Amino acid sequence: RSGLRMEPDIRALDPANLPPSIVVSGEIVNTSWVPRSVATLQVRMFDIRKMEIARQDVTASSRWIWPGDGAVFRADVPIGGVRPAEVILKLGQFE
C-alpha cells in the first residue's frame, strides 16, 4: 500500500518529445502503533550530469496519519525540457 509513481514513466521518455511536466504521486503509510505527523515532502529531479532540473514542495492529503492508515500525495513537476535521470523524494526539506 505504499510507493512512488511517476507519470509518464521517466525511463520511457523520448528526449526528442518530452512532456512539460511529470506527475509524481504516492502514499505515505504509518506502520507504527502511534499517530504520526506528516512533514512536507520535497521532490528533486536531476539530469544525467547530476544537475538539478526541478524542485518542488508537496503536501500530503493529511497532516496526521493514524496507525495503519496512509496519506496520498501528488505533484505536477515541470521539467523544463530536460529528461530526468534521477528523482529524490524526501520528507522535510533538503539542505
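Hydrogens, waters and symmetry mates play no part in the numbers below; they use all other heavy atoms, side chains included. Sequence positions, counted from 1, serve as the residue numbers for this chain. This one's a predicted model, so the numbers in the text were calculated from it and none came from an experiment.
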Of all heavy-atom pairs between [X] and [Y], which one has the smallest distance, and what is that distance?
X: Ala71; Y: Ile65; result: CB-CD1, 3.8 Å
X: Pro84; Y: Ile22; result: CG-CD1, 3.6 Å
X: Pro78; Y: Ala54; result: O-CB, 3.5 Å

- Task: Decide side-chain contact (heavy atoms from CB on, under 4.5 Å) for Val23 and Arg74; before the verdict, give the C-alpha distance in whole Å, the side-chain angles of both, and the deciding distance to 0.1 Å.
- Result: CA-CA 7 Å; Val23 174; Arg74 178 181 169 88; 3.2 Å; yes
Close side-chain approach of [X] and [Y], heavy atoms under 4.5 Å:
X: Val43; Y: Lys90; answer: no
X: Val29; Y: Asp69; answer: no
X: Gln56; Y: Gln42; answer: no
X: Val87; Y: Phe46; answer: no

- Going through the distances and angles, do Thr59 and Leu41 end up as a side-chain contact (heavy atoms from CB on, under 4.5 Å)? CA-CA 6 Å; Thr59 303; Leu41 294 105; over 6 Å; no
- Task: Treating Ile, Leu, Val, Met, Phe, Trp and Tyr as nodes and any side-chain heavy-atom pair under 4.5 angstrom as an edge, say whether Trp64 and Val38 lie in one connected cluster.
- Result: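 Looking at the clustering, Val38 is in a separate group from Trp64.
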- Task: Please name all residues satisfying side chain to side chain contact (heavy atoms under 4.5 Å, CB included) with Ser32, sequence neighbours left out, ordered by chain then number.
- Result: Asn30, Val34, Arg36
Could you pull out all donor-acceptor pairs under 3.5 Å where a side-chain atom in residues 12-20 meets a protein atom, sequence neighbours excluded?
{"from": "Asp14", "atom 1": "OD1", "to": "Ala16", "atom 2": "N", "distance (Å)": "3.0"}

- Message: If we count only N and O atoms by modelled type, under 3.5 Å, do the side chains of Thr40 and Asp57 hold a donor and an acceptor together?
- Response: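 Distance-only check fails for Thr40 and Asp57.
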- Verdict with reasoning, Glu52 to Met45, per side-chain contact (heavy atoms from CB on, under 4.5 Å): CA-CA 6 Å; Glu52 185 177 283; Met45 295 187 186; over 6 Å; no
- Item | side-chain contact (heavy atoms from CB on, under 4.5 Å) evaluation trace for Val77 with Ser21 | CA-CA 5 Å; Val77 183; Ser21 62; 5.7 Å; no
